[in-house]
Amino acid sequence: MALKVAIVGMGGIGNVHGQCYMDDPLAEIVAVCDIIKERADKAAVAYGCPAFYSVKAMLKSGIEIDCASMCTAGVENGGGHYKPTMELLGAGIPVLGEKPVSNEIPKAKRMVALAKKKRLRYGINLNHRFTPAARRAKEWIDKGRLGHLHIINMTMWINNPNETSPHFHIRALHPHSIDVMRYFCGDVVKAQAFFLRGKTLEGKQRKCWSNLQANMLFKNGVVGHLTGSYDAGGGFGLERCEVTGSKGRFVLEDACEVLTFNNRVNTERETYTHLGGMTGFGETFPSRIHRWLEQNKAKAPPSKIDGSGLDALKVQMIIEACIKSWETGAVVNLDYKL
Ligand SMILES: NC(=O)c1ccc[n+]([C@@H]2O[C@H](COP(=O)([O-])OP(=O)(O)OC[C@H]3O[C@@H](n4cnc5c(N)ncnc54)[C@H](O)[C@@H]3O)[C@@H](O)[C@H]2O)c1
């Protein structure tokens, strides 16, 4: 039987989740919710379910919900998730949140802690690594094909003129890049970063820290680097991840598009394009959401959720360490105390 799914926040991304659930046989949308009545009503018609204008009213209705998507936004695209997520978790409903889990660490900690206390599955849509190509690359690492891991270089950049806060760029975009880095190389123990305010195409000075270069030391000794920008464009591509080890290296371009393996001792190159038939970034949404549904259907233990709330919290802690490094000029240690 399909899982009964509710969606909270029916903006652009809530409707992307909606389409993913409509197309997935593991899901049946039973409720949509938005504080903007027209958005909730429009989605209710599109998905053939009742509309609600608050989470409280949705819960009070007694409608049966197996799991919910949280697609609110707010300050730095994460400030709106806390209250409705706490309401859903408080009512015993597993939540798939959007990224960033929150733009404020104390709130992210409280959501993760409540999910843990209530033994609920809590995932975040860290969709960039839910691709067949990333899974193949991870298998290579796990089977020792790269040998002992040495270096990870990650680049993620888009054109985004948003100037709503000084650190919108790292807090809103880099949950994705840093999650990919953690997926391949594990926990980060130290971070250091430099930021730069770029110029627009028209030569106007930007207000937000729209470019960054960060160094990271991983628990397993890997040395990592992240390049990020909101002053990029389609011609630059979206992302590139390179991991090297004592025996080989891979380069993963644009999340799912081109995966290349190079052996250290010869010049042969093994290249896969569009592994698993995934052709572009848009397809990472149904892939990630399907995994969430699969894990809920299988009643996976909350600690085993791929792309969990805890993963997303650790990513935000690394982001805050980068910001602190820039503000203090220091290398910042991470301790992950909850
Ligand atoms: N995973 C990705 O690749 C990806 C890509 C883009 C955006 N996002 C994330 O998706 C989220 C949503 O982005 P968006 O562009 O759709 O935002 P949006 O502002 O267009 O939509 C958010 C909606 O939530 C509603 N809302 C706010 N508070 C609410 C509440 N308490 N109860 C019910 N509804 C509420 C708003 O009225 C609005 O309609 C953001 O967190 C953003 O960072 C993720």
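Each ligand, and each atom within it, is numbered from 1 in the order the structure gives.
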Need the ligand 1 atom indices (1-based, order shown) with element for anything under 4.0 Å from a heavy-atom of [X].
X: Arg39; answer: 20 (O), 21 (O), 38 (C), 39 (O)
X: Ile13; answer: 5 (C), 6 (C), 7 (C), 8 (N), 10 (O), 12 (C), 13 (O), 14 (P), 16 (O)
X: Asn127; answer: 1 (N), 2 (C), 3 (O)
X: His81; answer: 41 (O)
X: Ile36; answer: 37 (O)

Consider every N or O of Gly12 and every N or O of ligand 1, then say whether any pair is closer than 3.5 Å.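 Yes, at least one N or O pair falls under 3.5 Å.
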Does any N/O atom on His128 come nearer than 3.5 Å to any N/O atom on ligand 1?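 So ligand 1 has no N or O lying under 3.5 Å from an N or O of His128.
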Let me have the donor-acceptor pairs involving side chains of residues 28-37, under 3.5 Å, with sequence neighbours excluded, atom names and distances please.
unit_1	atom_1	unit_2	atom_2	d
Asp34	OD1	Ile36	N	2.8
Asp34	OD2	Met10	N	2.6
Lys37	NZ	Asp41	OD2	2.8

Would you say [X] contacts ligand 1, with heavy atoms under 4.0 Å as the rule?
X: Lys99; result: yes
X: Phe281; result: yes
X: His176; result: yes
X: Gly80; result: no

[X] to [Y] six-membered ring, cation-pi geometry met (6.0 Å, 45°):
X: Lys138; Y: Tyr183; value: yes
X: Arg206; Y: Tyr230; value: no
X: Arg145; Y: Phe261; value: yes

Would you mind checking which non-hydrogen protein atom is closest to [atom], with the distance to 0.1 Å?
atom: atom 21 (O) of ligand 1; answer: Gly11 CA, 3.4 Å
atom: atom 24 (O) of ligand 1; answer: Gly9 CA, 3.3 Å
atom: atom 31 (N) of ligand 1; answer: Pro84 CG, 3.7 Å
atom: atom 10 (O) of ligand 1; answer: Glu98 CG, 3.3 Å
atom: atom 19 (O) of ligand 1; answer: Ala73 CB, 3.8 Å
atom: atom 28 (N) of ligand 1; answer: Thr72 CG2, 3.4 Å
atom: atom 41 (O) of ligand 1; answer: Asn77 O, 2.6 Å
atom: atom 36 (C) of ligand 1; answer: Asp34 OD1, 3.4 Å

For ligand 1, is any non-hydrogen atom under 4.0 Å from [X]'s backbone (N, CA, C, O), its side chain (CB onward), both, or neither?
X: Asn125; value: both
X: Cys71; value: backbone
X: Val8; value: side chain

Suppose the criterion is side-chain hydrogen bond (donor to acceptor under 3.5 Å, both in side chains): which pairs have a residue in residues 317-331, not counting sequence neighbours? Arg171-Glu320
Any side-chain heavy-atom pair of Cys67 and Val95 under 4.5 Å: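 When only atoms from C-beta onward are counted, Val95 and Cys67 do not touch, as no gap falls below 4.5 Å.
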Atom OG of Ser308 and atom CG of Leu96: how far apart are they, to the nearest 0.5 Å? 11.5 Å
If you count every heavy atom of other residues, nucleotides or ligands that lies below 6.0 Å from Tyr336 atom OH, does the total exceed 12?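 Count over threshold, so yes.
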CD (Glu139) with more than 12 external heavy atoms under 6.0 Å: yes
Return yes if a side-chain donor-acceptor contact under 3.5 Å exists between Tyr21 and Ser69, otherwise no. yes
Heavy-atom closest contact (His225 atom, Met181 atom, distance): O-CE, 3.6 Å
Would you say the rings of Phe250 and Phe184 are close, in the sense that their centroids are separated by under 6.0 Å? yes
Candidates Asp231, Asn160, Thr200 - the one meeting side chain to side chain donor-acceptor pair (under 3.5 Å) with Ser210: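 So, applying the side chain to side chain donor-acceptor pair (under 3.5 Å) to Ser210 and each of Asp231, Asn160, Thr200, only Asp231 qualifies.
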